[in-house]
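Proteins come first, then strands; the chains are lettered A, B, ... in the order of their sequence lines, and each starts at number 1.
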Number of protein chains: 2
Amino acid sequence: MVTKKKKIKLKEGVSEPTLKRLPGYLTYLKRIQKLGHINVSAPTIASELELDPTQIVKDLTVTGIKGKPKVGYNIAELILTIEEYLGFNKKNEAFLVGAGKLGQAILSYHELQGFGINIITAFDIDPKKINTEYGKTVILHMDKLGDLAQRLGVSIGILTTPPNVAQKTAKAMVKSGIKAIWNLTPVKLKLPKGVIVQDTSMFANVAILLKKFHDLHDIKPD
Amino acid sequence: MVTKKKKIKLKEGVSEPTLKRLPGYLTYLKRIQKLGHINVSAPTIASELELDPTQIVKDLTVTGIKGKPKVGYNIAELILTIEEYLGFNKKNEAFLVGAGKLGQAILSYHELQGFGINIITAFDIDPKKINTEYGKTVILHMDKLGDLAQRLGVSIGILTTPPNVAQKTAKAMVKSGIKAIWNLTPVKLKLPKGVIVQDTSMFANVAILLKKFHDLHDIKPD
DNA sequence: TAGATTGTTAATCGATTAACAATC
DNA sequence: TAGATTGTTAATCGATTAACAATC
């Protein structure tokens with residue numbers, strides 16, 4: 001046996017910070033590609049994104065892309081390589097659970113398609129929402145989740161319920177066969193080991209913003 | 001002169017990771033407070049949130065809270081202390097710019113009030129949205145932003161426009177007197193030094209989720 | 001008192017940054 | 001060729017974790 005099985009860590013030496021930066025590179029690369037650029041160097045990306053050039057090079061290395069000294073990277077190739085590396089070109093079919101405002105925002109956020117994420121169906125328990133369509137996505141009752149997950153083989157779930165039902169809902173999702181949950185609620189979910197949970201508290205960042213703001217502007221007289 | 005002025009870094013040794021964890025503590029503390037608990041210890045918080053006990057203690061130390069050995073922290077006091085420390089009890093009046101789906105989600109996300117953030121007015125350029133109300137928030141034309149920011153003394157802005165107009169819009173916000181921007185677009189903004197920008201790319205986290213998911217489930221035959 | 005927990009200081013771990021050789 | 005840039009290895013920096021004394 002040569003490979004040890006760890007919990008749900010990332011494979012061999014790919015750091016989360018690196019992974020978080022890659023989508024930002026994509027956004028930038030697509031923009032300059034549209035502008036007609038063909039190649040781009042790490043120092044250029046770095047100065048645009050206010051990062052360290054070495055960091056860019058290192059980050060890109062993990063994707064397997066090969067650059068040319070003095071020239072940089074081919075933009076088209078780089079985009080494809082990053083997308084491939086991150087799995088954006090895979091069929092990432094997902095269910096969205098909780099069709100409130102945030103859920104609706106996610107449903108209509110076309111940028112998600114750039115991640116290969118394809119929201120098949122949304123679920124809710126509000127009778128007023130059931131069987132309505134949001135954009136091109138139908139909203140079904142939570143009851144149907146288990147059956148549909150099974151039949152369609154969907155195993156990615158996006159959790160956008162109110163906080164007070166988040167835990168309960170997540171549990172039901174897992175029971176229905178969901179294996180990876182993008183958790184947009186501020187609740188820390190307790191789920192069986194083996195289920196991948198990615199917490200995205202939009203509001204953690206607000207704390208930083210406010211702190212910086214007040215530290216800078218509320219200068220107390222000594 | 002005893003205090004050196006740095007760029008827009010956080011004051012004396014408060015790390016961003018710590019700041020990002022504090023709102024999570026708040027969410028948890030409020031929940032157990034509602035359950036009737038009076039005190040809570042760092043090890044308890046740690047096991048609930050799957051963090052290291054020492055890390056909790058250290059994080060809480062920065063807020064100035066005092067705990068009792070063997071007992072822990074008084075929950076009510078702890079909540080107030082964290083909120084005070086983060087500036088959540090200040091009058092954090094903000095403008096929201098870009099009243100699309102994501103903007104609307106933010107407008108209707110009541111959790112934001114827990115951060116002391118009070119969205120005064122929303123702005124857009126879509127004639128169909130101008131002068132309509134969303135919840136209790138009026139949507140005005142961007143034209144009015146400068147004047148209102150001045151008159152109301154609002155200096156926090158929430159940027160939720162489409163990516164392609166994000167840079168332009170942010171520039172206009174700064175010109176109108178906005179000093180801190182919560183940037184919910186995936187675009188890296190170029191703004192004058194001194195303006196605080198907090199990027200929140202909801203989607204950076206999706207990259208991690210997908211990567212973990214595919215690493216775990218797409219086992220390639222050797 | 002005994003023992004769990006706080007709060008601080010030291011050690012470890014990992015990510016970022018620097019240095020530098022290879023190369024186009 | 002000269003020089004900018006890649007790609008890798010080493011050094012630094014900062015955050016997390018461990019150790020431990022103080023204390024209720």
Open item on the list: Is it the case that over 12 heavy atoms from other parts of the model lie below 6.0 angstrom from the NZ atom of A:K171?
Closed with: no

Open item on the list: Looking at A:I38, I want to see if its CD1 is surrounded by more than 12 non-hydrogen atoms of other residues, nucleotides or ligands under 6.0 Å.
Closed with: no

Open item on the list: Treating A:S41 as the side-chain partner and A:Y73 as the backbone partner, does any N or O pair qualify as donor plus acceptor under 3.5 Å?
Closed with: no

TODO: Look at the side chain of A:T18 and the backbone N and O of A:D59, then say whether any donor-acceptor pair between them is shorter than 3.5 Å.
DONE: no

Task: Set of residues satisfying side-chain contact (heavy atoms from CB on, under 4.5 Å) with respect to B:A99, sequence neighbours excluded - done: B:D124, B:K129, B:I139

Task: Positions of residues 26-48 of chain A (non-hydrogen atom under 4.0 Å from DNA chain D), listed by number - done: A:S41, A:A42, A:P43

Task: Distance in Å, A:I119 CD1 paired with A:Q113 CD, rounded so as to fall on 0.5 Å steps - done: 8.0 Å

TODO: Could you check whether A:K58 gets within reach of a base, just the sugar-phosphate, or nothing at all, counting any heavy atom under 4.0 Å?
DONE: base

TODO: Nearest-nucleotide wise, let me know which of A:P69 and A:L51 is further upstream toward the 5' end of DNA chain C.
DONE: A:L51

Open item on the list: Determine whether a donor-acceptor pair (N or O, by modelled atom type, separation under 3.5 Å) exists between the side chain of B:N183 and the backbone of B:V187.
Closed with: yes

Open item on the list: Mind checking if A:T54 touches a base, just sugar-phosphate, or nothing, with heavy atoms under 4.0 Å?
Closed with: base

Task: Dot-bracket line, read 5' to 3' along DNA chain C, where crossing pairs take [ ] and | marks a partner on another strand, Watson-Crick or G-U under 3.5 Å - done: ..||||||||||||||||||||||

TODO: Look at all strands and tell whether B:K68 reaches a base, only sugar-phosphate, or nothing, counting heavy atoms closer than 4.0 Å.
DONE: sugar-phosphate

TODO: If a pair satisfies salt bridge (charged side-chain N to carboxylate O under 4.0 Å, His left out) and one of its residues is in residues 60-74 of chain A, list it, with sequence neighbours excluded.
DONE: none

- [ ] Walk along DNA chain C from 5' to 3' and tell me the first and last nucleotide with an atom closer than 4.0 Å to a non-hydrogen atom of chain A.
- [x] C:dA15 to C:dC24

Task: Gap between atom CG of A:N164 and atom OG1 of A:T185 - 0.5 Å precision - done: 10.0 Å

TODO: Identify, with sequence neighbours excluded, every residue that meets ring-ring contact (aromatic ring centres under 6.0 Å, His included) alongside B:F213.
DONE: B:H217

